[in-house]
Amino acid sequence: MPLKVEPILPRFGAVCSGLDLTRKLTEDEVRQVTDAMDTWGVTVWRDTHMSDADHVEFSRNFGYLERVPRREGVKFRLPFPELFDASNLNVDGEVTQDPAAIQYRKGDRLWHTDSAFMEKRTSYSLLLAHEVPPEGGETSFADTRSAYEDLPQEMKDFLEDKVGINSLWWSRKMAGADIPDEEIEERPRAKHPLVHVHKGSGRKALFIAAHTMDVEGMPREEGRALIRQLIEHCTQPQYTFSVKWNAGDMVIWDNLCSMHRGGEYAYDTYKRDMRRTTVREGTEPHTMDMGDDPFSQLFAKSPRVVDIQGARVAGR
Ligand code: OGA
Ligand code: MN
């Protein structure tokens, strides 16, 4: 049965059905998925019945999966190192009351692209809902290809050689965490061009995120104003849509041609159990080891305010 694809916006986002994602896909089926992703940037798959193992296995069709950073004394709720925990739960599966964990997740409610703060970018993110609150917690997506195409020519010319400087600590500060400027300065950052050609479609896209702190070579305030202006441009209603989740739904987004953000919900009351795999750009399907561990490296220095995983064993 061929993949069924129902567009959400005229050029962005589609609801896909007709494939059983719990079983091994043929090469042709995988190509149908990547074709849909290249065209639509975000695909929504309802009621997948996928387990954690299915989720990881299916994700491997698209390249190497990044691993959650490991640190001594940190225990994980989820059974695979490839599953990033985007929930509001602690290691025991209860709604977390840890202020650091709550603060960390607030960063997801700013428009962003996953891993923009890493040198090795993420292509697809695959987010699977296991439990959702009765209301709220929608995820919104923005089309950075169409938004780029609609920019005035002078702006396109201006952006052509501009490079963004991205920092995880910056985005967490923007989300309200109390992080001193000196700490942001001493933490790693990653440079990425603000405009790039999206390989799968040949269309140009903006590559910006809440992590984008400065524009190389521009005075700080001007660069920051430009980043704000571009994020506002991309997130106008004609470029965006939201997904309301049910348990079992999966959304795949291509970070290289979209931005996203989480929606508000009563995070201190309801469980919202979301698990994500993250594909490294330009890697071969089913690569099990890249011989590096950049996320653990990023967090090698003991964390202060920013911690990608809220569940600390000490102090439980
Ligand atoms: C993510 C993310 C938002 C959400 O998992 O990368 O930004 O709505 N999630 O859970
Ligand atoms: Mn995200």
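For ligands, and for the atoms within them, numbers begin at 1 and follow the listed sequence.
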Carboxylate-amine/guanidinium contact E131 R272, below 4.0 Å = no

Indicate yes or no: does K120 engage E66 in a salt bridge with an N to O separation below 4.0 Å.
-> no

Which atom of H112 approaches the Mn ion (ligand 2) most closely (N/O/S) | NE2

Can you spot which of R275, R276, K271 makes a salt bridge (charged side-chain N to carboxylate O under 4.0 Å, His left out) with D273?
-> R275

Please state the angle at the Mn ion (ligand 2) spanned by NE2 of H260 and OD1 of D114: what is it, rounded to 10 degrees?
-> 90°

Got the residues with a heavy atom under 4.0 Å of ligand 1, by chain and number?
-> A86, D108, H112, D114, L127, T139, W253, H260, G262, R272, R276

Hey, is there an N, O or S on D108 sitting under 2.8 Å from the Mn ion (ligand 2)?
-> no

Geometric cation-pi criterion R105 and Y267, 6.0 Å radius, 45° cone = no

Please state whether the rings of W45 and F58 are parallel, tilted or perpendicular, taking 30° and 60° as the class boundaries.
-> perpendicular

Who pairs with D38 by salt bridge (Lys or Arg N to Asp or Glu O under 4.0 Å), at least two apart in sequence or on another chain?
-> none

Side chains of D98 and T96: is there a donor and an acceptor less than 3.5 Å apart?
-> no

